[in-house]
Structures are given as structure tokens and as C-alpha cells.
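Each ligand, and each atom within it, is numbered from 1 in the order the structure gives. All of these numbers come straight from a predicted model, not from anything done at the bench.
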Amino acid sequence: MRIVDAKVIITCPGRNFVTLKIVTDQGVYGIGDATLNGREQAVVAYLQEHVVPLLIGRDPRRIEDTWQLLYRGAYWRRGPVTMRAIAAVDVALWDIKAKMAGLPLYDLLGGKSREGVLVYGHANGGDIAETLDEVERYVGLGYKAIRAQSGIPGVEKAYGVGRGDMYYEPADAALPTETIWSTTKYLNHTPKLFDALRDRVGFDVDLLHDAHHRLTPMEAARLGRSLEPYNLFWLEDVTPAENQEAFRLIRQHTTTPLAVGEIFNTIWDCKDLLQEQLVDFIRATIVGAGGVTHLRRIADFASVWQIRTGCHGATDLSPVTMGAALHFDTWVPNFGIQEYMRHSPETDAVFPHAYHFENGLLFPGDTPGHGVEIDEALAAKYPYEPKQLPVARLEDGTMWNW
Ligand code: EZ4
Ligand code: CO
């Protein structure tokens, strides 16, 4: 069995997605997501120039060997561009293998460990009152876990707050939008949000929050401590994690569960965080961290310390990643939760999929493979539109973390 074609499909049904389609000499094909928000064309070039020529003629059944070839063979290891390209190949090859076996992907991984995948939705509002209403709306939709973000008085364009009633979509302009950040205002505001939320919805709903890399370790420790009365399911990305040891300080000061890792690419990015039990949930996901093949290594390593998974699932991860992640989540023994920002109807139409939402859970479906397709004719109607993520500055103009 041989790979005869591998093509890169770029489409923008409301936002940009990069998809790799691998075709075999037996007619079976598979698809993988290679989207890197705001840097899509870098991965397109990496795939077209450096990966596709390696794939042609290879045996698609040799998933592990292909992974090792692309990882070790690059010499320049890791990084978001390389690892997304590897993820796209890996997911397409698992899709092919599962289709050949006539099995849903979760059955190849070891079968179902649960009936459905617990997800959390995104409730955002311009202020606390709006966020309370939005959280209540999500409760009404059946969600059992909800991430809550709100605008902050005096902070223009706070992270996580949508403009208009569309889902929050931060990559909004060809050149980065500038936002202003104040840690003081954020730290004063956020406990008030969760105090009001617990008053409104009680303690039976799981609530989550994302600090989006904005704090120093000691500020993060203070935030974690101030949120302890509200029993968060997790507090996410409190501080940038290039320095994994920084989490030792945070951990000494708070029992609020910590989640980190949506921008991690490999097990090396979280090795210390995991083996020192510095976090509770690892957010690495299929497209970010080298596909199913590598993510399961991270999850297995995390399981030693009862650290659970919490795959990133924002709208810039295509339905192909969502499908693959749901099969992974259905199998992985130390599953925690799956992020679920719904895609737009245009995106769902380009990527027909077998997964569905019901009563707070997502179900991957039973079709062979990962259950997500791409309608290439429809995809072609939505050409690429350059869009970048925003940047953030402090009030005095200092460049900060978005
Ligand atoms: O800002 O995926 O938890 N989710 C997030 C996302 C990220 C985007 C960046 O592309 O933090 O909203
Ligand atoms: Co996040």
C-alpha cells in the first residue's frame, strides 16, 4: 500500500483552516488539520515544500515510523509549525488506518472508556451582568461545565469577550489589533465575577476561567487564592509556561486547580509540570502536539500523577481536530474535559462530521476513521483571508502577553 497524493487545502469559511488530505493507491484517503491561527501559510509552505515530497510512495500504515521520520528527520525539532505539520500527517494516517479497519478511531486506540465526552462551553459578556446571563443560557443549553470571561471596567477589549453575538474570534484583522491590559484591574474584577456567578447558578455547575498568560507567578498565586471560595474546575494559563519551574511558586500558594498547555507542542514542554505535579490538567491537543501518536504519550505520562487531559478546542482548531480529539477523549483513561467552542454554520458545512452534542456531552460517532470529511468544492468557495491574533500592551505602552 502506497501514498499516491498529499494535498494541502486552505479555506476560510468565516476563519482560516489548513487541511492535509492524504490519498492512497487503494482509494482510501484521510484528512488532518494543520491550522496555526495567524500563521497558516507558514505551515502550508512547510507541508508543501518539506513534507509532501517525503510522503509520496510511503506505506501509509507505518504511522509511527512516519512520525519519527518527520520529527527526527527535520533535525530542527519541535516548534508550532513543524509539530502542526506532523500532526496533520499523523491524523490523516490514523484516519486511513481506521477506515481500512472499518473501525471508529477510538476502537483502534483501545476502545471506549466512557459513553460521552464532557465539554465546556464559552460564556462571555461585556460586563458581569452580561456574563451571568450568558452562563445561565449555557446551563439552559445543557452544558455541565462553562468557561466564564467578562469585560473589565477600564480595560478595552479584554481577552475572551466577543464583539457582537458571534462566538469570540480573536484573529480579527490582517495586522494585529492592539489591546490594552491592566493586571490591577483584572485582579480586582475577577473574584467579583465568580462571586456573582456562584450566587446566580450555585455550585453544581462546573466553572472555568482563562487568564491567558497575563500574570506573573506571584500575581497568579494571588488570583488562585482569591478564587478558592468559588471552587473553579480549573484556572487556565495563569502565567506564560516557557519557564515550567515558575509553577512551583504558584502551587505553594493555592489549591485552585491549574490547567496549562494549549500552546505546547511536545512532551518536553510539560515534562517538569507533569512530573512535579505542578498542574492538574494538561491542555495539549491533537493539532498542537504532534497528533494522536504524540498526545497519547503526553497523556500516559500525565496519568502517573493523576493529571487529566483538557484538550484545547477553540474555533481555530478545525472540525478535523475536534473529531480526532473526541475519539482520543473517548479512549484516554485519564480524561478530564474537552473545550468546545462551536464552529460557525459555514465551517460545519465545509467539514461535515459525525460528532454531535447532547446534554453537555459530545459524541464522536461510529463512522470508520475520525468521522470528519472536507467538502472540497465548498471549501474552494472560501479563499484564504490574512488574519492575525491581537497583541496586548500595558497602559504605559509596554508590550505584554496577549
Ligand atoms: O486564544 O485559540 O482557551 N482558549 C483560548 C483560545 C486561544 C485561541 C488562540 O488562537 O485561549 O481562545
Ligand atoms: Co486558553
Any carboxylate oxygen within less than 4.0 angstrom of a Lys/Arg side-chain nitrogen, looking at Glu134 and Arg137? yes
So, Lys387 and Glu169, do they make that salt bridge, N to O below 4.0 Å? no
Quick one, list the residues around ligand 1 where some non-hydrogen atom comes in under 4.0 Å, by chain and residue number. Asn37, Arg147, Tyr159, Asp210, His212, Glu236, Glu262, Arg283, His312, Ala314, Asp316, Glu339, Leu389, Trp402
For Phe335 and Phe281: C-alpha separation, side-chain torsions, deciding distance, then whether ring pair (Phe, Tyr, Trp, His ring centres under 6.0 Å) applies. CA-CA 9 Å; Phe335 171 73; Phe281 295 92; 9.5 Å; no
For Arg251, check salt bridge (Lys or Arg N to Asp or Glu O under 4.0 Å) against everything at least two apart and list the hits. Asp280
Mind counting the protein N, O or S atoms sitting less than 2.8 Å from the Co ion (ligand 2)? 3
Just by distance, no angles: are the side chains of [X] and [Y] close enough, under 3.5 Å, to form a donor-acceptor pair?
X	Y	result
Glu339	His122	yes
Tyr46	Gln41	no
Glu228	Thr254	yes

Which residue, Asn124, Thr315, Val161, forms the side-chain contact (heavy atoms from CB on, under 4.5 Å) with Tyr168? Asn124
Tell me, please, which residues at least two apart from Tyr120 pass ring pair (Phe, Tyr, Trp, His ring centres under 6.0 Å). Trp234
